[in-house]
Amino acid sequence: AGALPLLMALLRACTEQGKASVADAISWLANDESTRALIVEAGALPLLVALRTGTEEGKANAACAIAMLANDLPTHALIVESGALLPLIAFVSPSRACSNADTGKNASFALQRLAADVRSRELVEEH
């Protein structure tokens, strides 16, 4: 948990490649159930959503991190409130030319996890 403030600072001010690497690190940290809430509390969600305009690797890693955070039902509403739905949906859109297959796969995984919650599923269906 002590590294989270540094990771958030890097997501704000690092190069696009650096941000992609930080998003990857966050996805690995989010594998641990005990760190997911800490990651969200540290402010990761809006920073991960901001990677929607970055590199394909950054998009894929951000989508993966969001998918891992979506393992916890209590984070679903926060993920939706962070503005993550529209970028995730765009990443799986058939009209989107995506040079990184992992971006669509990770976004699909995140949307599947969000759809497990009735409230989140309704928001996904609205979009």
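Small disclaimer: the values here were computed from a predicted structure and weren't measured. Hydrogens, waters and symmetry mates play no part in the numbers below; they use all other heavy atoms, side chains included. Here, residue 1 is the first one in the sequence, and each next residue gets the next number.
Between Leu4 and Ile26 there is no side-chain heavy-atom pair separated by less than 4.5 Å. Looking at Arg52 and Thr103, their side chains never come closer than 4.5 Å, going by heavy atoms from C-beta outward. Contact annotation: the side chain of Cys64 never approaches that of Asp102 to less than 4.5 Å [non-hydrogen atoms, C-beta and beyond]. Residues Leu6 and Leu10 have side chains in contact (heavy-atom distance under 4.5 Å, counting atoms from C-beta outward). In this structure the side chain of Leu47 never reaches within 4.5 angstrom of the side chain of Val22, judged on heavy atoms.
Looking at Ser93, its side chain never comes within 3.5 Å of a backbone N or O of Ala90 through a donor-acceptor pair. A distance-only check finds no donor-acceptor pair linking the side chain of Arg113 to the backbone of Asn71 [under 3.5 Å]. Of the possible polar contacts, none joining the Asp72 side chain to the Pro74 backbone as a donor-acceptor pair under 3.5 Å is found.
Note on Leu48 and Leu7: same hydrophobic cluster, where clusters join Ile, Leu, Val, Met, Phe, Trp and Tyr whose side-chain heavy atoms are under 4.5 Å apart, directly or indirectly. In the hydrophobic cluster analysis, where Ile, Leu, Val, Met, Phe, Trp and Tyr join through side-chain heavy atoms closer than 4.5 angstrom, Val80 is grouped together with Leu51.
The two residues Ile66 and Ala84 make their nearest non-hydrogen contact at CD1-CB, 4.1 Å. Summarising the geometry of Met68 relative to Ala30, their closest heavy-atom pair is CB-CB, 3.5 Å, with the distance given to 0.1 Å. Looking at every heavy atom in both residues, Asn106 comes nearest to Ala67 through O-CB, 4.0 Å. Between Glu16 and Gly54, the shortest heavy-atom contact is OE1-CA, 3.4 Å.
Rounded to the nearest 0.5 Å, atoms CE (Met8) and CD (Glu41) are 11.5 Å apart. Within the model, atoms CD1 of Ile79 and CG of Leu88 stand 8.5 Å from one another, a figure rounded to the nearest 0.5 Å. One distance of note links OG1 of Thr35 with CH2 of Trp28; it measures 13.0 Å at 0.5 Å rounding. The CD atom of Glu57 lies 4.5 Å from the CD atom of Gln17; values are rounded to the nearest 0.5 Å.
A side-chain contact (heavy atoms from CB on, under 4.5 Å) with Leu29 is found for one member of Leu69, Leu38, Ile39, Asp24 and no other, namely Ile39.
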